[in-house]
J.: 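Sharing a structure with you now.
We name chains A, B, ... by the order of the sequence lines, and we start the count at 1 in each one.
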Number of protein chains: 2
Amino acid sequence: MTKGVPDEGQTRARPTMREVAALAGVSVKTVSRVINAEPGVSAELSSRVNSAVERLDYRHNLTASSLRRADGKSATIGVVLEYIANPFDSMLHRAIEDLALTRGVLVLAGSLEESETRERELIAALASRRVDGLVIMPASHDHSYLLTERRAGTPMVFVDRPPAFLDADTVLTDNADGVRRGIRHLVSYGHRRIGYLGDLQTITTAALRYQGYLEELVAQGIPGDERLTRLNLRGTERAEAATLDLLSKQPPPTALFAGQNLLTIGAYQALRRLGIHHKIALVGFDDVPLGDLLEPGITVMAQDPAAMGRAAAELLFRRLDGDRSPSVHRVIATRLIARGSGEIRP
Amino acid sequence: MTKGVPDEGQTRARPTMREVAALAGVSVKTVSRVINAEPGVSAELSSRVNSAVERLDYRHNLTASSLRRADGKSATIGVVLEYIANPFDSMLHRAIEDLALTRGVLVLAGSLEESETRERELIAALASRRVDGLVIMPASHDHSYLLTERRAGTPMVFVDRPPAFLDADTVLTDNADGVRRGIRHLVSYGHRRIGYLGDLQTITTAALRYQGYLEELVAQGIPGDERLTRLNLRGTERAEAATLDLLSKQPPPTALFAGQNLLTIGAYQALRRLGIHHKIALVGFDDVPLGDLLEPGITVMAQDPAAMGRAAAELLFRRLDGDRSPSVHRVIATRLIARGSGEIRP
DNA sequence: TGCTAGGTTGACAACGTTGTCATCCCCGGG
DNA sequence: CCCGGGGATGACAACGTTGTCAACCTAGCA
């Protein structure tokens, strides 16, 4: 590593096509043609331009280019996530990036953290930068404000949660079905008293999952018991406390279903604390990292964020390629991963 | 959700300042002044412009703006990561986003997956979009190619791994020191035969960590034993196999140090498989999600990606604000988190 | 030889915005 | 009453690029 101040030498403005043209002895338009690999430039001029580009370290200015271009495309898309650092979200992000990569498209991403205000601000900021398309995991419950973007020709795909008051492509997990299969799994092991831990009911997916729980109880002819349900839990600690509370009631549940990642962890911790993690069954929704290293391993209904991201990106790019057919709604199935905690009998 | 094709109504081009100006009966320049909240516009015109903006759903075009603007700032920065979906990377990403948010700056992020080619391509793509600054977790070992960007006035901060042949701000984990403290911890519990599992030696941090291991052995007067070392491991499975192999040698180590996240998990799995996870000590570098739920919990030297991201963003924005002082090199300490696996005596 | 078709090349305008500067108007002071 | 100054407003050019179109050149054919 050499020593010195970060900008050794003076700050020199980036060279433009004008300068490249001057050095190569051609017109700017010819430089533009070479840069964009348009046909119809003689080998002679082409190589002169290329060496001038090399010599000046010219970097194409995509900003100016997309401003002038007929289609106005910026080769950039926006991805709006709940929280970038969530394993689920970052996996989704990664899957989108992977497909974008093959098209030379970059990804602008941001977190909402359940703030509706932030959702509008972030999308406005993305629109200001004229992204070509949007993948949105929404926090708000009214997306009519997006009609403007839609009319401006910006395609958008909703992931994980559906849009409200707006028709658009969606890629969703089969939430209710996933929970129902999880409950069925527990019932098949002989459970009848199954507790439920749920996230904020304002989150669409959380509401759908709880719905699935209720539906499956009815389907199984199990009477509902409000004392077995704890909703609007946020984070591991709340879930742990709620679980401890739930288990102190008489008669306690013989199994638990946790409607979300962090709640599953909280519930597991509570069971461990009470020393009954080998006695009370537990199934969680959404996979838990390292769930298989635990003893017992945590049984989950796993979502497939990579598949969701891939599907969302595919839909988005299809729209960018001009597809105008009616909105598509993809449902990605959950997968039961039995690791032990869900296979405990009462 | 309403029914219909995604673009109900025709695709209508976005309104421009020209149209806003026409509707408000003022000049474009006045619209520009209002949009940018420049002083010196009468309340009368200001409100006429604002209602025209409202009526037309005008969205400022930051692309055109930054093209014309004197400073040429795009209010966008680039973040180059090893793999976006890694918990470490996504935490770092998030911390940067958090600070960027307060300045109205958006983040373009991408993954390298250890590809030097990809590093150059991605950074070129970011430079094309005229990002205001870069945070880079590099894969390559020669960054002299970045001198062009540097000269063009793009500040850059390297995180997690240092640049080569280029002087720039850095934010690094104290790798060697972290490993040395981890080894010392094992020694303090009576271990003398300590195995080491390391990632690709081409990765700078991996090399530094191994260095720390060797140094601490010397400092402790423990003779090195090549049979206790397995380097260039990639991923959980390789680490698991290497651990099984390592333990089959006579005499086997009484403790293991794993130089990376996935290797720690692989080693733990191997110990579990052999049923000796309560007999052989294990310390890992970098935290393992849910490491505290395991039995025994996994003892680690934890890095602090959030602090690193924050530091990197602070440095970058300080440069963006005009700071031209010599490069700064921040070192973020690791933290020993004792959870059980590292506190087993031989 | 003359003419045309086709392929190269470049001059110029335009994309949507902001910097510069001129103009205009009003108010206050001489 | 006139003039100067300052604040509000707008006309115009420019940012770096690409679309359009005209000019030019060469080869091929009548």
J.: Starting at atom CZ of R48(B), determine the distance to atom C1' of dG10(D), rounded to an integer number of angstrom.
T.: 13 Å
J.: Side chains of E82(B) and S111(B): do they bring a donor and an acceptor to under 3.5 Å?
T.: no
J.: Please report the shortest heavy-atom distance between A75(B) and L62(B), naming the atom on each side.
T.: CB-CD2, 4.2 Å
J.: Ignoring hydrogens and angles, state whether a donor on the side chain of S140(B) or D142(B) is under 3.5 Å from an acceptor on the partner side chain.
T.: no
J.: Strictly below 4.0 Å: does T30(A) bring a side-chain N or O up to OP1 or OP2 of dG10(C)?
T.: yes
J.: Walk along nucleotides 15-23 of chain D from 5' to 3' and tag each nucleotide B, S or - by protein heavy-atom contact under 4.0 Å, base first, then sugar-phosphate.
T.: BBBBBB---
J.: For E119(B) and Y145(B), which I'm curious about, is there any donor-acceptor pair between the side chains at under 3.5 Å?
T.: yes
J.: Using only side-chain N and O atoms of S42(B), determine if any of them is under 4.0 Å from OP1 or OP2 of dG7(D).
T.: no
J.: Going by distance alone, is a donor N or O of one side chain under 3.5 Å from an acceptor N or O of the other, for T76(B) and R129(A)?
T.: yes
